Number of protein chains: 2
Amino acid sequence: MLSIGSLGRTAGVKVPTIRYYEEIGLLPEAERSAGNQRLFNLRSLHRLRFIRHARDLGFPLDAIRDLLSLSDQPEQSCAAADTIARAQLAEVEARIARLNALKAELERMLAQCAGGTVRDCRVIEVLGDHASCAAPHHGHPDIGKGT
Amino acid sequence: MLSIGSLGRTAGVKVPTIRYYEEIGLLPEAERSAGNQRLFNLRSLHRLRFIRHARDLGFPLDAIRDLLSLSDQPEQSCAAADTIARAQLAEVEARIARLNALKAELERMLAQCAGGTVRDCRVIEVLGDHASCAAPHHGHPDIGKGT
DNA sequence: CCTTGATGCTCTAGTCACTAGAGATATTAG
DNA sequence: CTAATATCTCTAGTGACTAGAGCATCAAGG
């Protein structure tokens with residue numbers, strides 16, 4: 001039986017995150033020690049590793065929930081898992097495309113910055129003036145929380 | 001003088017978002033009509049367009065705040081704006097690199113999926129087993145809100 | 001046996017950049 | 001004047017956690 005801390009270290013997940021996963025039902029409610037501390041078995045470790053791995057690949061928790069319920073039914077067809085992964089791939093590709101456009105625009109902006117005063121700054125000017133911009137501009141871009 | 005709705009339509013920003021920007025101090029407190037409705041002038045429109053444009057390029061609101069206070073002082077050096085834009089570019093490039101790694105991993109996973117039952121599903125298996133994975137796996141990836 | 005320090009518990013609130021909805025008031029077109 | 005639309009304030013919700021307060025428990029050393 002593992003404590004929450006050792007489970008976290010083993011799976012590479014922070015302790016509050018494990019509690020959070022339990023709270024939202026991604027992990028089953030853990031057993032408790034006599035002193036009310038959580039105890040985990042190896043199944044929990046596998047499950048948590050699965051979650052972390054999928055998170056690392058960018059799957060949102062809802063998709064992970066679906067994948068987990070699939071993996072609990074080994075006789076079923078693999079098609080649903082394939083569909084989820086394919087959707088995730090499409091999502092990732094769309095985000096890459098969007099970011100590449102942003103990158104080009106930022107580079108263009110920076111290349112034009114001659115380093116004078118703000119009055120003549122291309123960076124500021126381009127941001128203020130849509131006309132001097134080549135980016136697509138529809139809907140909101142990919143703004144993640146970074147690493 | 002523009003109503004909040006026409007300002008929003010003109011700048012391409014939703015009405016609650018404008019109120020939110022005012023609330024957090026990105027836009028100054030708007031004048032009010034006799035009936036307490038917000039009235040905006042063309043300066044506000046420019047400012048809002050600037051914000052939206054920078055958001056579209058992925059700048060976080062804090063960076064935009066800095067850029068705005070720079071653009072209010074046209075005699076100052078352009079260096080700070082350049083620095084902010086450069087940081088944003090680096091951020092975008094890092095995110096692209098990360099996403100490309102995810103894309104490769106997802107493609108690998110999907111290519112191996114023969115379409116049988118969940119028991120033999122490569123997608124599920126790869127997610128559960130770190131050893132069969134080629135992705136870097138350190139820190140959390142780019143998981144944005146999409147478009 | 002007792003203490004000490006690490007670890008655990010629950011709960012609340014904060015992050016970012018909005019979005020949604022309730023219920024009341026204002027403006028505008030016909 | 002009326003009806004439809006727009007706007008107001010306020011609260012709460014999103015996703016996926018993170019931070020911190022204030023207390024309880026546990027393992028190891030003396």
Side-chain angles (χ1 to χ4, degrees), chain A residues 1-27 29-40 44 48 51-66 68 88 91 95 139-147, chain B residues 1-27 29-40 44 48 51-66 68 88 91 95 139-147:
Chain A
M1 284 301 202
L2 298 160
S3 73
I4 196 170
S6 50
L7 175 68
R9 272 188 300 279
T10 315
V13 174
K14 287 182 194 146
V15 166
T17 304
I18 297 172
R19 288 197 275 251
Y20 169 72
Y21 286 164
E22 181 184 296
E23 187 187 322
I24 63 169
L26 267 192
L27 291 175
E29 291 203 7
E31 292 178 55
R32 298 298 180 118
S33 74
N36 197 36
Q37 304 199 347
R38 287 175 182 79
L39 294 174
F40 298 88
S44 296
L48 184 55
I51 296 169
R52 169 167 132 73
H53 205 153
R55 287 291 299 128
D56 281 351
L57 287 169
F59 290 88
L61 291 186
D62 272 358
I64 295 174
R65 207 186 294 273
D66 291 347
L68 279 168
Q88 178 58 20
E91 186 64 31
R95 225 172 279 170
H140 270 292
D142 184 296
I143 299 164
K145 303 263 188 75
T147 318
Chain B
M1 284 301 202
L2 299 159
S3 72
I4 196 170
S6 51
L7 176 68
R9 273 188 300 279
T10 315
V13 174
K14 287 184 193 146
V15 166
T17 304
I18 297 172
R19 288 196 276 252
Y20 170 72
Y21 286 162
E22 181 186 296
E23 187 188 323
I24 64 170
L26 268 191
L27 291 174
E29 292 203 7
E31 291 178 55
R32 299 298 180 117
S33 73
N36 196 36
Q37 303 200 346
R38 288 176 182 79
L39 294 174
F40 298 88
S44 295
L48 184 55
I51 296 169
R52 169 167 132 73
H53 204 153
R55 287 290 302 128
D56 281 351
L57 286 169
F59 289 88
L61 291 185
D62 271 357
I64 295 173
R65 206 186 294 273
D66 291 348
L68 278 168
Q88 178 59 20
E91 186 65 31
R95 224 171 281 167
H140 271 291
D142 184 300
I143 300 163
K145 304 264 185 77
T147 316

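Chain A is the first sequence line, chain B the second, and so forth, proteins listed ahead of strands; every chain is numbered from 1. Reckoned from all heavy atoms, side chains included, excluding hydrogens, waters and symmetry mates. From a predicted model like this one, the values you see are computed outputs, not experimental measurements.
Here the P atom of nucleotide D/dC26 and the CG atom of A/Leu2 are 16 Å apart, to the nearest Å. Summarising the geometry, the separation between OH on B/Tyr20 and P on D/dT11 is reported as 17 Å, rounded to the nearest angstrom. Rounding to whole angstrom units, CD1 of residue B/Ile4 and C1' of C/dT27 are separated by 15 Å. Straight-line distance from the CD atom of A/Glu23 to the P atom of C/dT12: 11 Å, rounded to whole Å. Atoms CZ (A/Arg55) and P (D/dG15) sit 12 Å apart, rounded to a whole Å. Rounded to an integer number of Å, the gap from CD of B/Glu22 to C1' of D/dC8 is 12 Å. Between the CZ atom of B/Phe40 and the P atom of D/dT7 there is a distance of 10 Å, rounded to whole Å. Rounded to whole Å, atom P of D/dT11 lies 15 Å from atom CZ of B/Arg19.
Along DNA chain D, the nucleotide nearest A/Ser33 and the nucleotide nearest A/Pro16 are compared for position; the residue whose nucleotide lies closer to the 5' end is A/Pro16. Residue-to-nucleotide proximity on DNA chain C shows that, of B/Asp62 and B/Gln37, the 5′-proximal contact is made by B/Asp62. Along DNA chain D, the nucleotide nearest A/Lys14 and the nucleotide nearest A/Asn36 are compared for position; the residue whose nucleotide lies closer to the 5' end is A/Lys14.
At the phosphate of D/dA16, neither OP1 nor OP2 sits under 4.0 Å from any side-chain N or O atom of A/Thr17. Phosphate proximity of C/dC18 to B/Arg52: absent, as no side-chain N or O sits under 4.0 Å from OP1 or OP2. Contact annotation: B/Arg38 side-chain N/O to D/dC8 OP1/OP2 distance is under 4.0 Å. Note on A/Arg32: a side-chain N or O is less than 4.0 Å away from OP1 or OP2 of C/dT10. A/Tyr21 has a side-chain polar atom (N or O) that falls below the 4.0 Å cut-off from OP1 or OP2 of D/dC17. Using a 4.0 Å cut-off, some side-chain N or O of B/Ser3 falls inside it from OP1 or OP2 of D/dT7.
Salt-bridge annotation for B/Glu22 and B/Arg38: present, with a side-chain N of the basic residue lying under 4.0 Å from a carboxylate O of the acidic one.
Here the straight-line distance linking atom CG of B/Leu27 with atom OG1 of B/Thr17 works out to 11.0 Å at 0.5 Å rounding. Within the model, atoms CZ of B/Arg52 and OH of B/Tyr21 stand 9.5 Å from one another, a figure rounded to the nearest 0.5 Å. We find the OG1-CG distance between A/Thr10 and A/Leu2 to be 6.0 Å, quoted to the nearest 0.5 Å.
In terms of heavy atoms, B/Ile18 sits closest to B/Ile4 at CD1-O, 3.7 Å.
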